[in-house]
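Just so you know, ligand 1 is whichever comes first in the structure, and atom 1 is the first atom listed for that ligand. This is a predicted model, so every value here is computed, not measured.
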Amino acid sequence: METVDTILATVAAAAPEIRGGLTGRRRKADEENPSGEIQMAADVWADEHLEAELTAIEGVGEFASEEREHVVDCGEGLSVAIDPLDGSSNLKSNNSMGTIVGIYDVPLPAKGTDLVASAFVLFGPITTMMVARDGSVTEYVIEDGEQRVVTEDVTLPDDPTVYGFGGRVPDWPEAFTAYARDVEDELKLRYGGAMIGDVNQVLTYGGVFAYPGLESRPEGKLRLQFEGNPMAYIIESAGGRSSDGEQSILDVTPEELHQRVPLHIGNAELIDRLESAL
Ligand SMILES: O=P(O)(O)OC[C@H]1O[C@](O)(COP(=O)(O)O)[C@@H](O)[C@@H]1O
Ligand SMILES: [Mg+2]
Ligand SMILES: [Mg+2]
């Protein structure tokens, strides 16, 4: 689908500019986002930048972002939901972060099963982009705003080696803690504080990433439209599984745009075990 190509190319083309603009924007902005979190100057700036570029595309009908309250209506066509900067608290400590995009063919908020493609741009030592589309996942390197394929048909390695779990350990429910103790016995910890970085480790080495429901916040931290759905779509397209604890993240019915969801994604066998444990 041509519009999907245009959206993905636009996100790729914006990446070097967004990355370049981070340097002077590592301070806090004076605002909170709709999830009640203090925004960084870079969050606001990346959101405005991507809004301008994505709403200008013919064939994009709706635009929504983690950093703004309401859906922007911009014509007829596909709906684009973004997390302009995932892991922006890593900006201060200069660790990895990036952009997540979900492309839906129904109005927002939407179910993950209504995604037609999703992607994330990762600002690591190099800039890469992982795209899930038509049941397969492709990894690109972005150079000068152009996408160059590095790996076709990305699939989760059969023999998983890494895990990363968010939230304070004493705040984990007992059943999740028991599961974590089990996983710790087999896999090694990789937690960097930006979901896309941590999930990219799972895609590369196999394993499991979770930001579970917490005792203090049973709905977890990550947002369904902007984070949960697009990342679950990538992992499922790469042969893995996703779960909110009971069902695929992609089957969760959204009630509101900024709703949160407990997120567990990775190799199928590890997610099967998670569901049994919970
Ligand atoms: O600081 P914590 O509790 O470990 O949370 C980390 C999680 O929060 C996030 O940073 C939330 O995303 P945003 O940076 O887009 O708000 C995830 O990337 C990450 O997995
Ligand atoms: Mg995020
Ligand atoms: Mg964000």
Cut-off 3.5 Å, side chains only: do Thr127 and Arg19 have a donor facing an acceptor? yes
Any donor-acceptor N or O pair under 3.5 Å, side chains Glu236, Ser242: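 Present: a donor and an acceptor within the cut-off.
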Within 2.8 Å of the Mg ion (ligand 3), is there any N, O or S atom belonging to Leu85?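 Yes, since at least one N, O or S atom of Leu85 sits under 2.8 Å from the Mg ion (ligand 3).
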Does Arg223 have a non-hydrogen atom less than 4.0 Å from ligand 1?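 Checking ligand 1 against Arg223, which is what was asked, there is a heavy-atom contact under 4.0 Å.
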Partners of Glu51 by salt bridge (charged side-chain N to carboxylate O under 4.0 Å, His left out), sequence neighbours excluded?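 In terms of salt bridge (charged side-chain N to carboxylate O under 4.0 Å, His left out), with neighbours along the sequence ignored, Glu51 is linked to Arg68.
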Checking [X] side chain against [Y] main chain: does a donor-acceptor pair fall under 3.5 Å?
{"X": "Arg273", "Y": "Glu269", "result": "no"}
{"X": "Asn33", "Y": "Ser35", "result": "yes"}
{"X": "His258", "Y": "Pro34", "result": "no"}

Is the distance from the Mg ion (ligand 2) to some N, O or S atom of Glu227 under 2.8 Å? yes
Ignoring angles and geometry beyond distance, decide whether Leu85 reaches within less than 3.5 Å of ligand 1 through its nitrogen or oxygen atoms.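 The answer is yes, given that Leu85 and ligand 1 share an N or O pair closer than 3.5 Å.
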Mind checking whether Tyr211 has an N or O less than 3.5 Å away from an N or O of ligand 1? yes
Output the list of atoms in ligand 1 that are nearer than 4.0 Å to some heavy atom of [X], sorted by atom number.
{"X": "Ser88", "answer": "14 (O)"}
{"X": "Tyr191", "answer": "2 (P), 4 (O), 5 (O), 6 (C)"}
{"X": "Asp83", "answer": "15 (O)"}
{"X": "Glu227", "answer": "11 (C), 12 (O), 13 (P), 15 (O)"}
{"X": "Glu66", "answer": "13 (P), 15 (O), 16 (O)"}
{"X": "Glu37", "answer": "16 (O)"}
{"X": "Ala194", "answer": "18 (O)"}

Can you spot which of Leu54, Val11, Thr3, Leu108 makes a side-chain contact (heavy atoms from CB on, under 4.5 Å) with Val80?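 Filter result, single survivor: Leu54.
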Please classify the Lys221 to ligand 1 contact at 4.0 Å (heavy-atom distances, strictly less than): side chain, backbone, both or neither. side chain
Closest non-hydrogen atom pair, Ala110 against Asp114: CB-CB, 4.5 Å
I want to check something: taking the side chain as every heavy atom from C-beta on, are Ser248 and Tyr233 in contact at a cut-off of under 4.5 Å? no
Given Gly193, Gly87, Gly166, which has its nearest heavy atom closest to atom 19 (C) of ligand 1? Gly193
Looking at non-hydrogen atoms alone, which of Met195, Glu67, Arg168 comes nearest to atom 20 (O) of ligand 1?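 The residue whose heavy atom sits nearest atom 20 (O) of ligand 1 is Met195.
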Give, rounded to 10 degrees, the angle between OD2 (Asp83) and OD1 (Asp86) as seen from the Mg ion (ligand 2).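 With the Mg ion (ligand 2) as the vertex, the angle is close to 100°.
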Gap separating the CG atom of Leu274 from the CD atom of Glu246, nearest 0.5 angstrom: 11.0 Å
Tyr163 six-ring centre to Arg190 NZ/CZ under 6.0 Å and within 45° of normal: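 No, cation not above the ring by the 6.0 Å, 45° rule.
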Need the atom name: nearest N/O/S atom of Glu66 to the Mg ion (ligand 3). OE2
